[in-house]
Number of protein chains: 2
Amino acid sequence: MDALDRQIIAALRVNGRATYADLGRKVGLSASAVHERVGKLESTGVITGYHAVVDPRAVGLGVTALVGIQPTDTADDNEVAASLGELVEVESCYAVAGEEAFVVKVRVATVDDLEQALGRLRRISGVARTRTTVVLSTRFEGRPNSPEEDLGHAVEPPTQGA
Amino acid sequence: MDALDRQIIAALRVNGRATYADLGRKVGLSASAVHERVGKLESTGVITGYHAVVDPRAVGLGVTALVGIQPTDTADDNEVAASLGELVEVESCYAVAGEEAFVVKVRVATVDDLEQALGRLRRISGVARTRTTVVLSTRFEGRPNSPEEDLGHAVEPPTQGA
DNA sequence: ACTGAAAATCTAACATG
DNA sequence: CATGTTAGATTTTCAGT
């Protein structure tokens with residue numbers, strides 16, 4: 001992992017569909033060299049995937065909430081996490097320090113769906129209580145913490161409500 | 001936005017580098033047709049970008065925290081959000097209902113860096129107090145809430161600590 | 001909107017320095 | 001590790017339906 005790798009990674013975080021030729025031009029390497037480096041970054045687990053980012057409202061998921069999960073005294077964290085993973089509404093799941101065992105991000109279409117999703121969360125074995133924070137708007141999300149810029153065909157920026 | 005679009009979107013969420021030919025095979029269209037549809041999805045803002053996902057530890061960001069931001073009585077939310085956006089450590093920023101104005105996700109290398117980042121957060125004009133929840137492990141993150149599967153060259157799954 | 005075809009470009013593998 | 005080459009795949013455009 002040298003400076004070139006970091007440049008390549010930064011570029012792929014901004015535009016995950018950048019071609020190897022593009023990346024090569026940007027960092028001053030041949031496409032072949034970039035191809036090889038990216039292959040290694042993938043196989044060593046530095047790059048874990050490539051994903052299209054979709055406006056949640058456009059796919060009917062306009063309601064977002066952050067939910068803290070308080071476990072019962074006898075709860076098994078791994079079992080609870082596995083159960084959380086079975087709910088499609090749960091997009092992300094973090095084990096955290098503090099009174100709560102997990103904080104999860106939930107995305108649903110309506111507040112009715114949120115109510116139902118919270119019901120399902122509370123019904124999970126090992127879950128004692130939930131604490132829900134409704135997201136009013138997403139100011140920005142998943143931002144590359146490296147300096148960002150435009151890369152040809154990128155479709156940024158992400159600044160949407162909820 | 002018909003069923004075909006939704007299929008294409010789901011596939012691109014799983015593998016953002018899927019080729020148009022792949023997608024066409026998967027949904028039963030020619031590569032040209034898929035190309036045209038994806039172009040429309042991008043220009044209408046349904047697809048907002050494509051991003052490589054990187055193991056945070058591999059890029060020296062092994063410490064994650066969720067931070068609630070309590071505003072002062074006179075704070076301007078938009079100004080505070082803009083200031084939060086200027087800190088590279090702040091990866092995501094949600095305006096929320098409740099006592100706190102925002103919840104942000106912060107990624108840094110060490111707990112020392114976390115302390116410094118929290119200092120910077122508190123020094124933002126309009127920020128009265130912060131409440132920090134340290135992430136112990138990321139069980140899963142940014143999961144497509146649509147049914148997922150393998151698509152050729154995808155590099156999943158994401159199951160990393162912190 | 002989709003198909004099919006053609007030109008430009010890119011990927012992926014390999015031989016080489 | 002990087003480069004250059006090359007065959008095959010892919011992107012992109014466009015005429016036709």
Side-chain angles (χ1 to χ4, degrees), chain A residues 1-55 58-60 144 146 148-156, chain B residues 1-55 57-60 144 146 148-157:
Chain A
M1 270 273 287
D2 59 5
L4 256 35
D5 282 330
R6 275 185 285 274
Q7 276 187 267
I8 292 169
I9 289 169
L12 282 172
R13 289 192 63 166
V14 173
N15 179 10
R17 276 179 90 81
T19 67
Y20 298 126
D22 279 340
L23 296 169
R25 269 167 235 131
K26 179 160 275 199
V27 306
L29 285 180
S30 69
S32 311
V34 174
H35 181 242
E36 197 174 319
R37 279 171 178 263
V38 172
K40 273 179 196 162
L41 290 170
E42 290 172 355
S43 60
T44 57
V46 176
I47 294 176
T48 59
Y50 302 90
H51 302 282
V53 177
V54 173
D55 180 347
V59 293
S146 321
E148 49 192 310
E149 69 231 60
D150 63 314
L151 197 155
H153 162 252
V155 195
E156 301 270 1
Chain B
M1 269 272 288
D2 58 7
L4 256 36
D5 282 331
R6 274 184 285 274
Q7 278 186 266
I8 291 169
I9 288 168
L12 282 172
R13 289 192 62 167
V14 173
N15 179 10
R17 278 178 91 82
T19 66
Y20 297 124
D22 278 340
L23 296 168
R25 268 168 235 131
K26 181 163 273 200
V27 306
L29 285 179
S30 68
S32 313
V34 173
H35 182 242
E36 199 173 320
R37 279 172 177 262
V38 172
K40 274 178 196 162
L41 290 170
E42 291 172 354
S43 60
T44 57
V46 176
I47 294 176
T48 59
Y50 302 90
H51 302 282
V53 177
V54 173
D55 180 348
R57 287 170 304 181
V59 293
S146 321
E148 49 192 309
E149 69 232 59
D150 63 314
L151 199 154
H153 162 254
V155 196
E156 302 269 4

Spacing of A:Met1 atom CE and A:Leu41 atom CG [to the nearest 0.5 Å]: 7.0 Å

N or O in side chain of A:His35 less than 4.0 angstrom from C:dA12 OP1/OP2: yes

Residue pairs involving residues 3-12 of chain B (criterion salt bridge (Lys or Arg N to Asp or Glu O under 4.0 Å); sequence neighbours excluded): B:Asp5-B:Arg37

Protein-nucleotides 8-10 of chain C N/O pairs under 3.5 Å:
{"residue": "C:dC10", "atom": "OP2", "partner": "A:Arg25", "partner atom": "NH2", "Å": "3.3"}

Candidate pair A:Val54 and B:Thr48, rule side-chain contact (heavy atoms from CB on, under 4.5 Å), full reasoning: CA-CA 6 Å; A:Val54 173; B:Thr48 59; over 6 Å; no

Rounded distance (Å) that lies between atom P of D:dT13 and atom CZ of B:Arg37: 19 Å

Protein-nucleotides 3-5 of chain C N/O pairs closer than 3.5 Å?
{"residue": "C:dT3", "atom": "OP2", "partner": "B:Ser30", "partner atom": "N", "Å": "2.8"}
{"residue": "C:dT3", "atom": "OP2", "partner": "B:Ser30", "partner atom": "OG", "Å": "2.9"}
{"residue": "C:dG4", "atom": "O6", "partner": "B:Ser32", "partner atom": "OG", "Å": "2.9"}
{"residue": "C:dA5", "atom": "N6", "partner": "B:Ser32", "partner atom": "OG", "Å": "3.2"}

From CG (B:Leu4) to CG (B:Leu29), nearest 0.5 Å: 4.5 Å

Least distance between heavy atoms, B:Asp55 atom then A:Gly45 atom: CB-O, 3.4 Å

Atom-to-atom span, CG of B:Leu23 to C1' of D:dT10 - whole angstrom: 12 Å

Smallest separation among heavy atoms of A:Gln7 and A:Lys26, with atom names: NE2-O, 4.2 Å

Donor + acceptor pair across side chains of B:Tyr50, B:Glu42 (<3.5 Å): yes

Interatomic distance, A:Leu4 CG vs D:dC1 P [rounded to whole Å]: 12 Å

Rounded distance (nearest 0.5 Å) linking atom CD1 of B:Ile8 with atom NE2 of B:His35: 12.0 Å

